[in-house]
K.L.:
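Could you have a look at this structure, given as structure tokens, before my questions?
If you're wondering where the values come from, they're calculated on a predicted model, not measured in any experiment. Positions are given from 1 along the sequence.
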Amino acid sequence: MIPYRIAVIGLGNVGAALARNWKKAGHTVVFGAQFPLSDKSRRLVDEFGESRFLTVPEAIAQSQVILLATPAAAVVELADALGGDLSHAVIIDATNAIMPLPNGYATAFHFLSEHTNARLVKCFNSTGFENMADPVYGDQALDMFMAGDNVEAKQVARQLALDCGFGTCIDFGKADKVELLEKFALSWINLAIMQGMGRGIALRLLHR
């Protein structure tokens, strides 16, 4: 396993679940937020330590992998921090188009593709945070999915998915499949929430 230094941008449930698993796997995790030690971050400070909570530019500058676990529209506010030379870094876009989007863009991924030179991949958006915290049902590990054009970014996403306990990370296709992958996420949301099945459900690809 290659240990990465990972910046988790966003203090919500998705970022927290992934950060915990990556920490267990031996990666170094820092959090980036506008107000690093706000009341929202207090639940994580005891687990990770105050030194792991930085401003967004600080977290991005010192990390090899950047997880964007924010509302989709929030990536616009990150444009300055992401617009420098990040050719050394991989950005994992875990956002979904269920909130207002960056004006004029189909997804946050499309906005990012024009505003950063980091290697970009869509991943960790297709299921609920409970499944990211514990992706094992009985004796079966769930599937994660990714999309994007950059092969190296996909390799990183696949490794980090395995490090979280997912059985595999299935390649959904290139950047033209990002919108489809977001609709796949909306399908899970529909079943879990709109159809009342509950958040303890998951999707897995089976081969005969």
Side-chain angles (χ1 to χ4, degrees), residues 3-25 27-130 132-133 148 153 156-157 160 164 178 182 185-186 189:
Y4 293 109
R5 188 171 180 88
I6 305 168
V8 174
I9 309 303
L11 298 173
N13 290 324
V14 170
L18 294 172
R20 290 185 180 106
N21 282 334
W22 289 334
K23 180 184 176 185
K24 290 177 187 176
H27 300 287
T28 299
V29 179
V30 297
F31 293 86
Q34 183 177 6
F35 303 105
L37 292 174
S38 66
D39 291 341
K40 190 175 182 180
S41 66
R42 285 296 164 188
R43 63 193 175 94
L44 296 172
V45 168
D46 289 343
E47 295 180 57
F48 292 88
E50 286 192 9
S51 64
R52 301 295 186 188
F53 291 80
L54 310 170
T55 65
V56 172
E58 288 171 341
I60 287 174
Q62 60 183 256
S63 299
Q64 302 157 292
V65 180
I66 301 160
L67 175 78
L68 297 181
T70 67
V75 299
V76 176
E77 300 171 16
L78 302 174
D80 287 343
L82 297 171
D85 182 12
L86 293 179
S87 56
H88 66 284
V90 167
I91 291 178
I92 301 175
D93 172 20
T95 68
N96 276 322
I98 58 175
M99 303 290 283
L101 291 172
N103 188 34
Y105 294 89
T107 70
F109 185 97
H110 290 81
F111 175 86
L112 291 166
S113 67
E114 293 187 11
H115 290 82
T116 181
N117 67 346
R119 290 161 288 169
L120 185 61
V121 61
K122 183 80 177 182
C123 194
F124 300 110
N125 72 296
S126 56
T127 192
F129 72 89
E130 299 91 343
M132 297 189 199
V156 171
L160 291 178
C164 281
V178 165
E182 291 208 1
L186 294 177
I189 292 169

K.L.:
Under the 3.5 angstrom rule, does the side chain of S63 hit a backbone N or O of A59 as a donor-acceptor pair?
P.N.:
yes

K.L.:
Between H27 and L160, is there a side-chain heavy-atom distance shorter than 4.5 Å?
P.N.:
yes

K.L.:
Whether the side chain of T70 engages the backbone of G10 through a donor-acceptor N/O pair (distance < 3.5 Å, no angle test) should be reported.
P.N.:
no

K.L.:
I need the minimum non-hydrogen distance between R43 and E47, along with the two atoms involved.
P.N.:
O-OE2, 3.5 Å

K.L.:
Show the nearest heavy-atom pair for residues A16 and L44, with the distance to one decimal.
P.N.:
CB-CD2, 3.8 Å

K.L.:
Over all heavy atoms of both residues, which pair between T127 and M132 is shortest? Give the atoms and the distance, please.
P.N.:
O-CE, 3.3 Å

K.L.:
Side-chain contact, heavy-atom cut-off 4.5 Å: L112 with L68?
P.N.:
yes

K.L.:
Could you give all pairs that pass the ring-ring contact (aromatic ring centres under 6.0 Å, His included) test and reach residues 38-60, with sequence neighbours left out?
P.N.:
F31-F48, F31-F53

K.L.:
Name the atoms and distances for all side-chain donor-acceptor pairs under 3.5 Å in residues 87-95, with sequence neighbours left out.
P.N.:
unit_1: S87; atom_1: OG; unit_2: D85; atom_2: OD1; d: 2.9
unit_1: D93; atom_1: OD1; unit_2: T95; atom_2: N; d: 3.0
unit_1: D93; atom_1: OD1; unit_2: T95; atom_2: OG1; d: 2.6
unit_1: D93; atom_1: OD2; unit_2: F109; atom_2: N; d: 3.3
unit_1: D93; atom_1: OD2; unit_2: K122; atom_2: NZ; d: 3.0

K.L.:
Side chains of N125 and E182, heavy atoms from C-beta outward: is any pair under 4.5 Å?
P.N.:
yes

K.L.:
Can you give me the closest heavy-atom contact between G84 and N117, atom names plus distance?
P.N.:
O-OD1, 3.3 Å

K.L.:
Could you measure the distance from the CG atom of L82 to the CD atom of E77? Nearest 0.5 Å is fine.
P.N.:
11.5 Å

K.L.:
Suppose we screen for salt bridge (charged side-chain N to carboxylate O under 4.0 Å, His left out). Which residues come up paired with E130, at least two apart in sequence or across chains?
P.N.:
R199

K.L.:
Just by modelled atom types, is the T55 backbone N or O under 3.5 Å from a matching donor or acceptor in the E58 side chain?
P.N.:
yes

K.L.:
For I60 and A81, work out which heavy atoms get closest and say how close.
P.N.:
CD1-CB, 3.8 Å

K.L.:
Can you find a pair of side-chain heavy atoms, one from T28 and one from Y4, that are under 4.5 Å apart?
P.N.:
no

K.L.:
Kindly compute the distance separating CG (L86) from CG (L120), expressed to the nearest 0.5 Å.
P.N.:
11.0 Å

K.L.:
Could you tell me whether the side chains of H110 and T107 share a donor-acceptor contact shorter than 3.5 Å?
P.N.:
yes

K.L.:
Is the backbone of Q62 close enough, under 3.5 Å, to the side chain of R5 for a donor and an acceptor to pair up by distance?
P.N.:
yes

K.L.:
Taking atom CG of L186 and atom OG of S126, what is their separation to the nearest 0.5 Å?
P.N.:
11.0 Å

K.L.:
V8 versus V30: any side-chain heavy-atom pair under 4.5 Å?
P.N.:
no

K.L.:
Please find the pair of heavy atoms, one from V56 and one from G32, that lie closest to each other, and give the distance.
P.N.:
CG2-C, 3.7 Å

